[in-house]
Amino acid sequence: MAKTTLKKRSWAEPFKIKMVELLKITTPEQRLASIAQAGFNTFLLKSEDVYIDLLTDSGTNAMSDRQWAGLMLGDEAYAGSRNYYNLEKAVKKFYGYKYLIPTHQGRGAENILSKCMIKPGDIIPGNMYFTTTRLHQELAGGIFEDVIIDEAHDSLNPHPFKGNVDLAKVEALIKKHGAKKIPYICVATTVNMAGGQPISIENLTALRTLTKKHGIKIILDMTRVAENAYFIQQREKGYANQSIAAIVHQICSLTDGATMSAKKDALVNIGGFLGINDKTIFEEARNLVVVYEGLHTYGGLAGRDMEAMAIGIEESLHDDHIAARIGQVIYLGEKLQEAGIPIVEPIGGHGIFIDAKKFLPHVPQDNFPAQALAAAIYVDSGVRTMERGIVSAGRKANGENYYPKLELVRLTIPRRVYTQAHMDVIAESIAHVYENRKKIKGLTMIYEPKYLRFFQARFKPLS
Ligand code: F0G
């Protein structure tokens, strides 16, 4: 009897589903009314009016049964909660940082770090800006300088490590301002605003050598460090046989400290921390945390949140978890590529980034092409995405708009939440919007908040 041979072996999620949350499907008329009421800003939509929510991968992950069980072990003491010590143990074991300051989320850590380390007039180089990170640097009197490689600003450049730091740009800043003016370099793993692009160990090692020579610290934004490690394992020579956990540990060992939004890779709905090796900075941060977050053994979190985070950190480093997580992102990205949709390449770690300048070449950047496209996708299918372009970039200190080269719509995939069928529905919707793209005319801004305007700005359609 002839044997059938399987040509291809599929992968599947390394979990099964124990509880489901029902979704509401709306009509195009309802969605048009909802987006108008939300001022054409997907941040202002009600979640119950959204079908598939790709606004962010932040705090939107599904926790495991082990994490939910951890919630029941919350020790809600004001001081010295058992869960704090469990979290401290996890941070030391998996990331290697000596001292831990828990915070309510990433920006809480950014605030404390910036206040401890930045003096007015200091220069803070970084591999591309992130909205909250740069704002806290600026509020502390610092000046952000982008030192990412040029390739990162080109949506189609296939460089495997578009998150890399351009060492020549760092050297030029040291030469111009002097090393004393640069308290640290902020290095993000994977770079959110570049499309979820990783940095290589080789680059980080070279940066370590350079910064050591000048007495400059490296502070990691380790929000998506496990996803970065996956790309190193897949793409960097010599790492194919290393575990995600080992690579993550090595990344951290090349830095002096880190801010973490645990709402992403660490698989929790709320939480973050500052990890640091320097005792003096730690002591100052531990003092400041009581001003802004809460006592240094809870930092604005419930004991149960810290327990879920400790467990999430460990689960986030499982090789099968991260392969399936990024596998799903790549699945969606390849579907969009097949439909001819212009996306940032290579496909990044936490989502797909549509190039709105290429999708809507007839809409000038001053009319917010990415904002308009995110609204149009929502009206088509109830899929909620996010603008990452001129609105997110905001204004400079002198009031002028930043004009970022990348004008993107982000389809961020929450971890362990949606199925492959959801990915198919998303791809079909975007292909449909692409066929009808000429109908999208752009927007004008009718309300602009002072800080982080993308969250609350309101728009109206041009026509
Ligand atoms: N750093 C990076 C790279 C981030 O992506 C975020 C949040 C933060 C810091 C701030 O952390 O939200 O916990 O205060 N990014 C979310 C997003 C908001 O949707 O990309 P947070």
Side-chain angles (χ1 to χ4, degrees), residues 41-43 47 53-61 101-114 124 126-139 144 146 148 152 162-163 186-199 219-228 251 255 257-275 289 292-293 299-301 305 308-309 312-313 329 344 348-353 370 374 384-389 391-394 406 408-415 417 451-456:
N41 185 345
T42 52
F43 275 102
S47 151
D53 204 347
L54 308 185
L55 186 72
T56 177
D57 61 330
S58 180
T60 52
N61 306 302
I101 307 276
T103 58
H104 78 284
Q105 57 184 81
R107 70 198 72 179
E110 290 168 354
N111 175 35
I112 289 168
L113 175 82
S114 302
I124 319 297
N127 53 347
M128 207 173 260
Y129 84 101
F130 183 72
T131 54
T132 59
T133 320
R134 184 179 68 193
L135 181 59
H136 280 298
Q137 292 162 359
E138 289 173 351
L139 290 172
F144 169 82
D146 189 5
I148 204 164
K162 277 164 103 172
C186 179
V187 173
T189 45
T190 59
V191 180
N192 192 352
M193 303 303 276
Q197 304 296 330
I199 177 169
I219 301 291
L220 200 63
D221 179 340
M222 66 181 308
T223 296
R224 297 183 181 84
V225 70
E227 291 170 4
N228 198 118
I251 293 172
T255 71
T259 55
M260 171 60 137
S261 169
K263 302 169 72 173
K264 283 83 167 175
D265 266 7
L267 298 167
V268 285
N269 302 123
I270 194 72
F273 61 78
L274 170 65
V289 77
Y292 293 102
E293 302 280 315
L301 296 165
D305 299 328
M309 203 196 307
I313 287 172
V329 175
V344 173
H350 63 305
I352 303 301
F353 291 68
R384 169 155 70 172
T385 60
M386 179 202 288
E387 192 263 9
R388 289 273 97 145
V391 185
S392 292
L406 297 178
L408 308 173
V409 170
R410 188 179 75 171
L411 284 64
T412 345
I413 314 297
R415 297 165 188 79
V417 172
Y451 298 115
L452 303 174
R453 64 183 182 182
F454 56 97
F455 284 129
Q456 290 146 347

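The first residue of the sequence shown is numbered 1, and numbering continues consecutively from there. Whatever order the structure lists ligands and atoms in, that order sets their numbers, starting from 1.
Of all the heavy atoms in N41 and F455, the pair that sits closest is ND2-O, 3.5 Å. Between T132 and E110 the shortest heavy-atom distance is OG1-OE1, 2.8 Å.
Relative to the ring axis of F130, R107 does not place its NZ or CZ within 45° and under 6.0 Å from the centre.
Q137 and S114 share no side-chain donor-acceptor pair at under 3.5 Å. Of the N and O atoms on the side chains of S58 and K264, at least one donor lies less than 3.5 Å from an acceptor on the other residue. For the 3.5 Å distance criterion, the side chains of R410 and N192 qualify, holding a donor opposite an acceptor.
Distance from atom 8 (C) of ligand 1 to its nearest protein heavy atom, with residue and atom name: F130 CE2, 3.4 Å. Among protein heavy atoms, atom 13 (O) of ligand 1 sits closest to S261 OG, 2.7 Å. Protein heavy atom at the shortest distance from atom 12 (O) of ligand 1 is R107 NH2, 2.9 Å. The protein heavy-atom contact nearest to atom 10 (C) of ligand 1 is T132 OG1, 3.5 Å. Nearest protein heavy-atom neighbour of atom 16 (C) of ligand 1: K264 NZ, 3.2 Å. Of the protein's non-hydrogen atoms, D221 OD2, 3.3 Å is the one closest to atom 2 (C) of ligand 1.
For ligand 1 and T56, the ligand atoms under 4.0 Å from any heavy atom of the residue are 17 (C), 19 (O). With ligand atoms numbered from 1 in the order given, ligand 1 contributes 3 (C), 4 (C), 5 (O), 20 (O) to contacts under 4.0 Å with heavy atoms of R224. Atoms of ligand 1 lying under 4.0 Å from any heavy atom of G106, numbered from 1 in the order shown and given with element: 11 (O), 13 (O), 14 (O), 21 (P). Taking every heavy atom of K263 and a limit of under 4.0 angstrom, the matching atoms of ligand 1 come to 13 (O).
Exactly one residue among V191, T189, D265 makes a side-chain contact (heavy atoms from CB on, under 4.5 Å) with N228. That residue is T189.
Remark: distances from the non-hydrogen atoms of E110 to ligand 1 include one below 4.0 Å.
The shortest side-chain heavy-atom distance between L408 and V344 falls under the 4.5 Å cut-off.
Checking side-chain atoms of D221 against main-chain N and O of V187 turns up no donor-acceptor pair under 3.5 Å.
In R410, the part holding a heavy atom less than 4.0 Å from any atom of ligand 1 is the side chain. In Q105, the parts holding a heavy atom less than 4.0 Å from any atom of ligand 1 are both the side chain and the backbone.
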